[in-house]
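Structure first, commentary second.
Residue numbers start at 1 and run along the sequence shown.
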Amino acid sequence: MPFNHTHIDASLRHIRAQTDSTPDIALVLGSGLSDYADTLHASASVATHAIPYYPRPTVPGHRGNLVFARLGAHRLLLFQGRVHFYESNDYSQVLYPVAIAHHLGARILIATNAAGGINPLFSSGDLMLIEEQIDLTLHGVTSGETRGRREPIFDCFLKSVAAETARNDGIPMKRGVYVAVKGPTYETAAEVEMIRRCGGDAVGMSTVKETELAADYGMQVLGISCITNKATGLGSSKLNHTDVTEAGRRVRDSLSQLLTHIIEALPPS
Ligand code: HPA
């Protein structure tokens with residue numbers, strides 16, 4: 001999926017006119033999780049609607065800002081919200097932020113998302129460290145960056161820092177496999193059962209292509225899911241987007257604390 005580099009260059013020019021920050025860590029903040037950026041002291045905030053060619057999010061709960069902030073020894077670039085494939089039908093839009101992060105110099109991607117819990121031990125409000133992912137979007141996307149052999153997407157060192165930080169902070173964190181479907185409708189109970197049998201612990205509609213591209217760029221990748229609900233057929237109530245966003249908000253304090261402490265624990269780049 002080759003990007004239009006004239007577009008990327010125009011976006012980068014607009015961003016660089018507003019900040020000379022050279023981020024080393026990029027974070028994608030998923031449904032209901034954008035407020036993490038507000039807990040940091042931002043050095044710049046760039047409205048995505050003003051960035052030439054930048055994709056426009058349409059889902060409630062996904063704010064459109066690029067926030068630049070310092071945390072400890074690190075320079076962060078936070079994406080408040082993301083564009084899902086089901087909004088745009090275009091992976092070059094879904095992946096645009098990762099390309100921007102890469103071209104601004106980020107070497108680490110931390111991807112967060114809201115997901116439905118499939119593992120029976122998971123409850124609404126749990127955090128899950130993504131061990132690995134299964135891409136059930138059934139869309140092959142070639143980034144043009146792929147190196148042929150698929151290395152593990154999620155970085156072992158980052159996973160161990162995240163797990164140790166959660167332990168030290170007393171924040172319970174599950175571990176598991178994230179499965180992506182295309183959406184936009186939630187899964188049927190039969191699909192959830194299929195995903196469980198395939199080895200999935202959580203299901204969502206994002207992340208897998210972003211993390212794949214970041215790994216192809218040679219970035220170190222960490223993924224954390226917020227389990228906002230039990231997947232269809234496993235909980236007592238019918239799913240809707242507002243409940244998912246609300247549940248994301250409820251776990252945001254522990255996620256915020258965890259993200260801050262993980263980043264502070266990472267060695268300077
Ligand atoms: N399914 C898919 N995506 C989701 C879910 C779910 O149950 N919860 C939050 N995002």
Query raised in the report: Hey, what do you get for CD (E264) to CG (L259), rounding to the nearest 0.5 Å?
Result: 11.0 Å

Query - Rounded distance (nearest 0.5 Å) linking atom CD1 of I130 with atom CD1 of I153 - result: 10.0 Å

Query - Contact check, side chains of L234 and V192, non-hydrogen atoms, under 4.5 Å - result: yes

Requested in this report: Keeping the roles fixed (side chain from R56, backbone from T48), state whether a donor-acceptor pair exists under 3.5 Å.
Outcome: yes

Query raised in the report: Could you give the distance from CD1 (I100) to CD1 (I15), rounded to the nearest 0.5 Å?
Result: 4.5 Å

**Report entry** Steps toward side-chain contact (heavy atoms from CB on, under 4.5 Å) verdict (Q257, D169)
**Finding:** CA-CA 8 Å; Q257 181 185 341; D169 282 2; 3.4 Å; yes

Query raised in the report: Within a strict 4.5 Å, meaning less than it, do heavy atoms of the V98 and T211 side chains meet?
Result: no

Query raised in the report: Around atom CG of N168, are there more than 12 heavy atoms of other residues, nucleotides or ligands at under 6.0 Å?
Result: yes

Report task. Take the angle between the ring planes of Y54 and Y96 and call it parallel below 30°, perpendicular above 60°, tilted in between. Result -> perpendicular

Requested in this report: Please report the C-alpha distance between R107 and D24 in whole Å, then the side-chain angles of each, then the deciding distance to 0.1 Å, and finally whether the salt bridge (Lys or Arg N to Asp or Glu O under 4.0 Å) criterion is met.
Outcome: CA-CA 5 Å; R107 303 285 306 144; D24 61 323; over 6 Å; no

Report summary line: In this structure, OG of S256 is separated from CG of D35 (nearest 0.5 Å) by 8.0 Å

Query - Full working for side-chain contact (heavy atoms from CB on, under 4.5 Å) between R82 and S206 - result: CA-CA 9 Å; R82 53 158 62 87; S206 67; 3.5 Å; yes

Report task. Taking all non-hydrogen atoms of both residues into account, name the closest pair between L136 and M194 and its distance. Result -> CD1-CE, 3.8 Å

Query raised in the report: With no hydrogens and no angle check, is any side-chain donor or acceptor of N119 less than 3.5 Å from a backbone partner on L121?
Result: yes

Query - Working for side-chain contact (heavy atoms from CB on, under 4.5 Å), residues I263 and I25 - result: CA-CA 9 Å; I263 292 163; I25 302 179; 4.0 Å; yes

Requested in this report: Check whether any side-chain N or O of Q93 sits under 3.5 Å from a backbone N or O of D90 as a donor-acceptor pair, and report yes or no.
Outcome: no

Query raised in the report: Looking only at side chains, do Q133 and T207 share a donor and an acceptor under 3.5 Å apart?
Result: no

Report summary line: Looking only at heavy atoms, the pair that brings A99 and I8 closest together is CB-CD1, 3.7 Å

Query raised in the report: Are a donor atom and an acceptor atom from the side chains of Y86 and T185 found within less than 3.5 Å of each other?
Result: no

Report task. Check whether the side chains of N229 and S124 place a donor and an acceptor atom closer than 3.5 Å, and report yes or no. Result -> no

Query raised in the report: Is it true that a side-chain atom of S43 and a backbone atom of F68 form a donor plus acceptor pair closer than 3.5 Å?
Result: yes

Report summary line: Closest heavy-atom pair, S92 versus F3, reported as atoms and distance to 0.1 Å, is O-CE2, 3.5 Å

Report task. Calculate, to the nearest 0.5 Å, the distance between atoms CE and CG belonging to M128 and D201 respectively. Result -> 6.0 Å

Query raised in the report: Side chains of L76 and L40: closer than 4.5 Å at any heavy-atom pair?
Result: yes

Query raised in the report: How would you list all residue pairs meeting side chain to side chain donor-acceptor pair (under 3.5 Å) that involve residues 157-166, not counting sequence neighbours?
Result: E131-K159

Query raised in the report: What is the minimum heavy-atom distance between N113 and S225, and which atoms define it?
Result: OD1-OG, 2.8 Å

Query raised in the report: Do I108 and H74 have side-chain heavy atoms sitting under 4.5 Å apart?
Result: no

Query raised in the report: Taking only residues two or more places apart in sequence or in another chain, which ones pass salt bridge (Lys or Arg N to Asp or Glu O under 4.0 Å) with D135?
Result: K209

Query raised in the report: Parallel, tilted or perpendicular for Y91 and F85, by the 30°/60° rule?
Result: parallel

**Report entry** Side chain S11, main chain P52, donor-acceptor under 3.5 Å
**Finding:** yes

Query raised in the report: Under 3.5 Å, side chain of S88 to main-chain N/O of V94, donor-acceptor pair present?
Result: no

Requested in this report: Taking the side chain as every heavy atom from C-beta outward, state whether L127 and C226 have any pair of such atoms under 4.5 Å apart.
Outcome: yes

Query raised in the report: Which atoms form the tightest heavy-atom contact between A115 and Y178, and what is the distance?
Result: CB-CE1, 4.0 Å

Requested in this report: Answer yes or no: is there a side-chain heavy-atom contact under 4.5 Å between R16 and L104?
Outcome: yes

Query - Interatomic spacing from CD1 in I134 to SG in C198 - rounded to 0.5 Å - result: 6.0 Å

**Report entry** Mutual orientation of the aromatic rings belonging to H5 and H103 [parallel < 30°, tilted 30-60°, perpendicular > 60°]
**Finding:** perpendicular

Query raised in the report: Any side-chain heavy atom of Y36 within less than 4.5 Å of one from T112?
Result: no

Query raised in the report: Between I262 and I224, is a side-chain contact (heavy atoms from CB on, under 4.5 Å) present by the stated rule, with each step listed?
Result: CA-CA 12 Å; I262 290 170; I224 300 177; 4.0 Å; yes

Query raised in the report: So do I51 and V46 actually touch side chain to side chain, heavy atoms under 4.5 Å?
Result: yes

Report task. Check the side chains of T6 and Y53 for a donor-acceptor pair under 3.5 angstrom, ignoring hydrogens and angles. Result -> no

Requested in this report: Locate the shortest heavy-atom distance separating S21 from R75; write the atom from each residue and the value.
Outcome: OG-CB, 4.3 Å

